[in-house]
Amino acid sequence: MPFPVPEKPTVDGLEATWTARWDDQDTYRFNRDTRREDVFSIDTPPPTVSGELHIGHVFSYTQGDVIARFWRMRGKNVFYPLGWDDNGVPTERRVENYYGVRCDPSLPYDPHFTPPESPDERHKLSIGRRNFVELCEELTKIDERAFKHLFRTLGQSVDWSTEYTTVGGFARGVSQKAFLHMLERGDVYLRVAPTLWDVDFRMAVSQAELEDREQPSAYHRIAFPRVGAEGTIEVDTTRPELLASCVAVVAHPEDPRFAHLFGTFVRTPLYSVDVPVVAHELADPEKGTGAAMICTFGDTTDVTWWRELNLPTRTLIGRDGRFLPADFTSAEFSSQDPGSAQRHYAALEGRNVKQARSATVEALKIEGNLIGEPREITHPVKFYERGERPLEIVASRQWFVRTLEHREELLARGDELRWVPDFMRHRYRSWVEGLNTDWNISRQRYFGVPFPVWYPIDEAGEVDFDSPLTASHDLLPVDPSSDTPAGYDESQRDQPGGFMGDPDIMDTWATSSLSPQIAGRWGTDLFERVFPMDLRLQAHEIIRTWLFATVVRSHLEFDSLPFKNALISGWILDPNRKKMSKSKGNVVTPLPLIENHGADAVRYWAASGRPGTDTAIDEGQMKIGRRLTIKMLNASKFVLGRLDAHEELSASDVTAPMDRDLLALLGELITETTASFEQYDYARVLERAESLFWSFCDNYVELVKARAYGEGEDRDTKSARATLSLALSVFQRLFAPIQPFVTEEVWSWWHDNSIHLSAWPTLAELGPLPERPGSIYQPVCDALAVVRGEKSTAKLSQRAIVTSMVVSAPSEIAEALRA
RNA sequence: GGGCGCUUAGCUCAGUUGGCUAGAGCAGCUGAUUUACACUCAGCAGGUCGGGGGUUCGAGUCCCUCAGCGCCCACCA
């Protein structure tokens, strides 16, 4: 009696069927009651739900899921959690656009608020902070549903009972606890410092969030008259509008053109402020005139000069990117001609950078201080990666994590980590070597994890930022804007003698860098069983952010790496090998691809991309993946239809030399694929397994048809059946991590358990194997090819009967051919 | 400026420590025709392995050098 197989097996609908079944049977449930050494834990990136559903998700998470499924079959208790990154700027931006609103923290809460029916992009409705946060929560819930649907349809073997969100209560508590630990250890400090600032988002930006963009600009040569001497010093600048914030002119200490000028003064044009000529080796004699003006602040070099040369501060640009009011009679400027300075500055005040620049250039031309015409150039300018205008540098109060003083230890952590592929370690190293500021973790935004601190206000109304009041650990998470510090009550908020809550939220990386602590439920018994994680899974563009930040937090908190291995995936390029981006409009959404080709086919494509290698979207590859799934269905149907469900077959029934040789090849394949998987080389597993499987179908199965049809108890017949059964079982399991749906389907035709909980194939189940795998199988296939070639040349059917054929070969091979 | 990666058939890519005549899939061409599979099967054709030099009995593979593409990092006046 054959196994019951469907008459017309199909790949369509497998996703829905098996996703539901896996839910019912808790197939991927992590068993909390295991020893650490039996666990394989994976640290997965919480996807930013307010971003696009992106084919990149499919690519990198599939590669991780394949690894998770392999280790699960190897008998590990696999911890494969997933959370959603829903806090921070991307969510706020999305809410603003989606509902047409803007957060104004000064507005009160409106409990009856409903978002506008039709959002007006241009005139956004101002709403209070709490209403705004409610909209954020509402929208992220919708987004999370869409993401979860994608991940499930894709066959991610996630234990959904571990699902978390980075703005959820537990994650907030973990973030605040970890922050307070850093504060107690002195790993974090609050400081007013010049900070890179996005004038549209009106928030500070960390070094990790910067990107350079080539921008058109122009050199303007400005003549500064010397004070108390004849002549001028000429300076090239791309930011003439900052002239009023000039605090010095700098040149290289060994530059002979300026050696006699150091210590003298020059007078700024238009504003008549006397500034010193100073020396610093960062001044490049090759650039411009060799002398540069130092402004507070035009770029990060200005910050270095200002700090190292102890220069004064003349702040002009406000948090909104517009020029602030300035008093040129004040000591800050001590202009030699305040009236004229004030008149010139009137053209700048309240204007943005672009407007101020043209006004300044006009004035300089009129006053005769501009030498020649501006010379147009393009040069790299720092932007916030999500921003639209160049960053300014604004002095503001921020929380910083000490990273610079741990540079050497952090480099050593990078060396200690195993990177797949190995060369990705260079990216980490060059990032850590290039760090130039501590990690700024505070953001002047609303939807995120607040800092669990308040500041006392003295009787005079001055805030004491040096003695923050911290929340008690057992009360976390807290919201300092509505909770009160111990010993105070709400009536004292923002009052002399009272307190103020820290107004900021944490940078999104300050939370997601705790993903092992959040997913592993830091503080519970689970954490000891999963930490440090065995594997971190992520794409290469967030090495400097997520990976670096996670290493920092783990190093400071636990003095260890957060994970032992890092599997770094490449980027997805569009079919023309261009990087996908929203602005180019070439972003591919994954669900239609899954619907067209099937999840297993899309996974096949993802698993054929090697770790770290950028891979183009290739629907052709998905079609090949689909062919493989269909082949698996049909081959399984054929083999199982020939077997007797009641017949016990084992490796010892495999007696024919040809059959034993096939098993030897299978054994070789098992050894190789197992080793490859252990090295995270899932792509090689796929390539090798696929190659032998296809040969098995086209050659072996065709060859043994005659024997397999045999009804009798002939030994060779039984040998063929045993081989078919064993080989099918092995192939189904080899493909299970990569194509979980079809393999589960075909496995279910002859097994009760899930293939994903069955054992990864081993050599032992094949019995004693002959040496020299392929020594019979391969010549037979070659001979077959010759025969087929002859038939093809003769334009005959492959079914044509060969009447005579002379083969000279060793007897065993000849024997196999005779069949 | 420093660093990393890539460059093999028309396309997408394998090629593990140097070793028979350089592989696969797709596309192309020629056939087969339906008792597992037309989302099939068989066959054919297609490459001076980016250029140059070197080491070696032997180099796609190791070394040097040049070029192109992509990326990472950098104090970018």
Side-chain angles (χ1 to χ4, degrees), chain A residues 5 8-11 212 214-215 217 219-220 235-239 242 249-250 280-284 287-295 298-305 377 379-382 421 423-436 540-541 543-544 570-571 573 575 577-579 597-598 601 605 608-610 612-616 618 620-621 623-624 626-642 672 675-676 679 681 683-684 687-688 690-691 694 697-698 701-702 705 709 784-785 787-800:
Chain A
V5 293
K8 264 284 176 199
T10 171
V11 297
D212 285 351
E214 278 295 325
Q215 294 289 307
S217 183
Y219 278 126
H220 304 76
V235 161
D236 269 340
T237 179
T238 56
R239 302 210 57 182
L242 291 177
V249 166
V250 67
H280 195 281
E281 62 271 3
L282 281 186
D284 183 352
K287 232 171 233 171
T289 62
M293 68 174 188
I294 303 177
C295 304
D299 63 30
T300 52
T301 318
D302 281 342
V303 178
T304 308
W305 282 326
I377 56 159
H379 67 158
V381 177
K382 286 190 194 310
F423 66 79
M424 286 294 176
R425 67 174 64 253
H426 297 291
R427 299 214 179 177
Y428 175 89
R429 172 160 284 274
S430 62
W431 172 251
V432 177
E433 283 175 344
L435 284 176
N436 55 35
H540 58 60
E541 80 264 25
I543 288 175
R544 70 174 184 173
W571 262 335
L573 308 174
R577 300 203 66 79
K578 294 275 176 271
K579 194 185 161 186
H597 303 284
W605 160 75
S608 60
R610 256 124 178 121
T613 306
D614 295 349
T615 304
D618 186 353
Q621 193 70 2
K623 286 184 181 144
I624 300 161
R626 188 175 172 88
R627 291 203 325 150
L628 178 64
T629 64
I630 292 166
K631 200 72 175 173
M632 178 59 78
L633 281 175
N634 286 312
S636 298
K637 174 189 162 195
F638 173 74
V639 169
L640 294 177
R642 298 297 175 288
E672 188 184 5
S676 295
Q679 306 295 314
D681 195 353
R684 179 183 295 270
E687 183 191 308
R688 293 306 158 98
E690 188 184 13
S691 161
W694 225 265
C697 292
D698 295 340
V701 172
E702 292 301 323
K705 264 181 182 172
Y709 282 136
L784 262 182
V787 174
R788 286 165 173 167
E790 288 300 319
K791 288 177 179 173
S792 196
T793 311
K795 305 201 172 181
L796 282 170
S797 161
Q798 291 299 331
R799 313 195 84 212

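So you know, we letter chains A, B, ... as the sequences are listed, proteins then strands, and number each from 1.
Atom C1' of B:C39 sits at a distance of 15 Å from the matching atom of B:C26, rounded to the whole Å. Of the C1' atoms belonging to B:G58 and B:C37, the separation is 46 Å, rounded to the nearest Å. Remark: the separation of the C1' atoms in B:U7 and B:G60 is 12 Å, to the nearest Å. Going from the P atom of B:U65 to that of B:G3 covers 11 Å, rounded to whole Å. Of the C1' atoms belonging to B:U16 and B:G54, the separation is 25 Å, rounded to the nearest Å.
Across all their heavy atoms, A:R610 and A:A683 have their closest contact at NH1-CB, 3.6 Å. Between A:V249 and A:V235, the shortest heavy-atom distance links the atoms CG1-CG2, 4.0 Å.
Here A:C295 lies out of heavy-atom contact (under 4.0 Å) with every strand. In this structure, A:R626 reaches the bases: a heavy-atom distance under 4.0 Å links it to at least one base atom across the strands shown. At a threshold of 4.0 angstrom between heavy atoms, the contacts of A:W605 with the nucleic acid are absent.
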>> Expected output check: what is the dot-bracket annotation of RNA chain B, where ( ) and [ ] are pairs inside the strand (brackets for crossing ones), | is paired with another strand, and pairs are Watson-Crick or G-U under 3.5 Å?
In response: (((((((..((((.....[...)))).(((((.......))))).....(((((..]....))))))))))))....
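In this structure, the side chain to side chain contact (heavy atoms under 4.5 Å, CB included) partners of A:R544, at least two apart in sequence or on a different chain, are A:W431. Applying the salt bridge (charged side-chain N to carboxylate O under 4.0 Å, His left out) test to A:D284 and every residue at least two apart in sequence or in another chain returns nothing.
Salt bridge status for A:R627 with A:E690: absent, with no side-chain N to carboxylate O gap under 4.0 Å.
Atom CD of A:E690 is separated from atom C1' of B:A24 by 9 Å (rounded to the nearest Å). For the pair A:E281 CD and B:A77 C1', the computed distance is 16 Å after rounding to whole Å.
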Distance-only donor-acceptor hits, side chain of residues 628-640 of chain A, under 3.5 Å, sequence neighbours excluded:
from: A:T629; atom 1: OG1; to: A:R626; atom 2: O; distance (Å): 2.7
from: A:N634; atom 1: ND2; to: A:I630; atom 2: O; distance (Å): 3.1
from: A:S636; atom 1: OG; to: A:M632; atom 2: O; distance (Å): 2.7
from: A:S636; atom 1: OG; to: A:Q732; atom 2: NE2; distance (Å): 3.0
from: A:K637; atom 1: NZ; to: A:E7; atom 2: O; distance (Å): 3.0

> Just by protein heavy atoms under 4.0 Å, how would nucleotides 11-18 of chain B read 5' to 3' in B, S and -?
Replying inline: -SSSS---
Short N/O separations, protein against nucleotides 72-75 of chain B, under 3.5 angstrom:
from: B:C73; atom 1: OP1; to: A:R544; atom 2: NE; distance (Å): 3.3
from: B:C73; atom 1: OP1; to: A:R544; atom 2: NH1; distance (Å): 2.9
from: B:C73; atom 1: O2'; to: A:S430; atom 2: O; distance (Å): 3.3
from: B:A74; atom 1: OP1; to: A:Q207; atom 2: NE2; distance (Å): 2.9
from: B:C75; atom 1: OP1; to: A:N436; atom 2: ND2; distance (Å): 3.2
from: B:C75; atom 1: O2'; to: A:T301; atom 2: OG1; distance (Å): 2.7

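Nearest nucleotide to the side chain of A:R627, out of B:C26, B:A77, B:A36: B:C26.
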